[in-house]
There are 2 protein chains.
Amino acid sequence: MKLSTKGRYGLRAVLELAVHESDEAVALSLIAERQRISMNYLEQLIPKLRKAGIVKGIRGAQGGYLLAMPADQISIGDILRALEGDLNPVNCADVSNGDGSCSNSDTCVTKYVWKRISDSINDAVDGIMLSELVEESKRVQAEAEIPTNSDSKKQSCGK
Amino acid sequence: MKLSTKGRYGLRAVLELAVHESDEAVALSLIAERQRISMNYLEQLIPKLRKAGIVKGIRGAQGGYLLAMPADQISIGDILRALEGDLNPVNCADVSNGDGSCSNSDTCVTKYVWKRISDSINDAVDGIMLSELVEESKRVQAEAEIPTNSDSKKQSCGK
DNA sequence: TTTAAAACCGAGTGATTTAATCGGAATTAG
DNA sequence: CTAATTCCGATTAAATCACTCGGTTTTAAA
């Protein structure tokens with residue numbers, strides 16, 4: 001029940017893009033360097049994000065990537081589903097027959113559980129917009145640079 | 001982001017035990033047969049459930065397994081965590097240093113996302129008691145045996 | 001007291017998935 | 001032109017998954 005590095009690295013990459021957003025594209029090598037992720041590996045995550053309409057690539061020299069939409073219109077759910085596939089805890093394929101009916105009734109009862117889990121995960125990630133993380137990121141950044149001892153409720157990151 | 005067969009098979013096995021609950025133990029071979037799960041494989045799931053205090057084993061001939069607690073005191077979360085380990089989408093180990101501080105601040109921001117997902121999953125599964133599934137299971141069973149066409153809102157299992 | 005049914009235990013294994021790496025082709029600003 | 005960069009597909013080592021197997025211990029029943 002773990003997210004793979006696809007989701008973890010990919011979200012960090014998109015967030016990096018969103019935080020440093022401007023009119024000029026950001027090269028993948030820069031994202032990889034700043035996030036300390038293998039560029040070769042990141043490279044194969046990008047097509048998923050591109051197909052989902054989350055980022056767009058600018059080819060050629062001085063090229064790079066841009067968000068394909070404003071950050072407040074991209075949910076974390078969109079990003080994670082693009083990278084990981086659906087966020088359901090089980091594949092429905094192995095509990096249903098070709099016609100959609102259940103192959104056995106016991107599985108059918110546990111299906112009720114899987115549905116509840118699935119809904120709660122999707123509701124959670126769809127309820128967070130990329131822009132929220134950008135704001136949070138900038139806030140944390142500012143706190144780290146000007147360590148004003150008044151109002152430092154979290155030092156480092158907390159436990 | 002998938003549950004393994006540990007969680008899927010294990011929950012079905014516990015449910016089987018709960019549905020056929022009586023004062024005499026149910027042999028693993030019977031559970032395996034009824035749920036069409038490899039007994040050898042089920043056998044290695046049992047220690048997890050036993051250590052978590054969910055089932056207890058009766059050794060020797062005519063032995064088998066019993067729920068260690070009433071079904072209304074066992075949550076689906078208890079069962080799934082026993083079988084799968086924690087239900088967090090990421091291992092905190094790789095985002096925190098030994099002292100609990102974050103190794104980098106960007107990861108720290110995504111951590112906010114992982115926490116939200118984790119909480120929503122755990123809330124969902126802790127909100128379902130084994131006894132609820134037992135009731136649901138019996139209801140489905142009864143419906144299947146006496147297919148009264150009045151009041152059959154779900155045939156087979158629905159899509 | 002033997003016997004058979006069962007839980008209990010740990011080691012081994014083939015298949016699949018993950019997390020990458022690598023080499024090269026296409027595109028484009030300068 | 002040329003260097004930077006996206007884009008694409010193949011390969012691979014390591015880890016994990018989903019089991020299997022052989023054996024030991026315990027205990028009810030004959």
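Naming convention: chains lettered A, B, ... in sequence-line order (proteins, then strands); numbering from 1 in each chain. Treat the numbers as computed from the prediction; the structure is a model and nothing was measured. These values consider heavy atoms only, across backbone and side chains, with no hydrogens, waters or symmetry-generated copies.
Note: CG (A:Leu83) to P (C:dT18) measures 13 Å, nearest angstrom. Residue A:Lys48 contributes atom NZ, which lies 14 Å from atom C1' of C:dA20 at whole-angstrom precision. Between the CG atom of B:Leu28 and the P atom of D:dT20 there is a distance of 13 Å, given to the nearest Å. Atom pair A:Asn40:CG and D:dC7:P shows a separation of 15 Å (rounding to whole Å applied). Rounded to an integer number of Å, the gap from A:Asn91 CG to D:dC17 P is 15 Å. The nearest whole Å value for the distance from the CG atom in A:Leu42 to the C1' atom in C:dT21 is 14 Å. One atom, NZ of B:Lys56, and another, P of C:dA7, lie 15 Å apart when rounded to the nearest Å. Rounded to whole Å, atom P of D:dA18 lies 17 Å from atom CD of B:Gln35.
Checking D:dC17, D:dT6, D:dT27 against the side-chain heavy atoms of B:Ala61 singles out D:dT27 as nearest.
A salt bridge is absent between B:Arg116 and A:Asp123; no separation between the charged side-chain nitrogens and carboxylate oxygens falls under 4.0 Å. A salt bridge links A:Arg139 and A:Glu143; the closest N-O separation between the charged side-chain nitrogens and carboxylate oxygens is under 4.0 Å. Ion pairing between B:Glu16 and B:Arg34 holds under the 4.0 Å rule for side-chain N and carboxylate O.
For a distance-only test at 3.5 Å, the side chain of B:Arg59 qualifies as a donor-acceptor partner of the base of D:dT25. A donor N or O paired with an acceptor N or O is not found under 3.5 Å between the base of D:dC8 and the side-chain atoms of A:Gln44. In the interface, the side chain of B:Glu43 is paired with the base of C:dC8 through a donor and an acceptor atom under 3.5 Å apart.
Of the side-chain N and O atoms in B:Ser38, one or more sit less than 4.0 angstrom from OP1 or OP2 of D:dT20. Between B:Tyr9 and D:dC19 there is a side-chain polar atom (N or O) within less than 4.0 angstrom of OP1 or OP2. Distances shorter than 4.0 Å separate none of the side-chain N or O atoms of B:Tyr41 from OP1 or OP2 on C:dT13.
If you find the closest nucleotide of DNA chain D to A:Gly63 and to A:Pro47, the one lying nearer the 5' end belongs to A:Gly63. Both A:Ile58 and A:Thr5 sit near DNA chain C, but only A:Thr5 has its closest nucleotide nearer the 5' end. Comparing B:Gly60 and A:Gln62, the nucleotide of DNA chain D nearest to each residue sits closer to the 5' end for A:Gln62.
The side chain to side chain contact (heavy atoms under 4.5 Å, CB included) test with A:Leu45 singles out one residue from A:Leu11, A:Ile37, A:Leu83, and that residue is A:Leu83.
Checked by atom type, the side-chain pair B:Tyr41/B:Thr5 shows a donor-acceptor distance below 3.5 Å.
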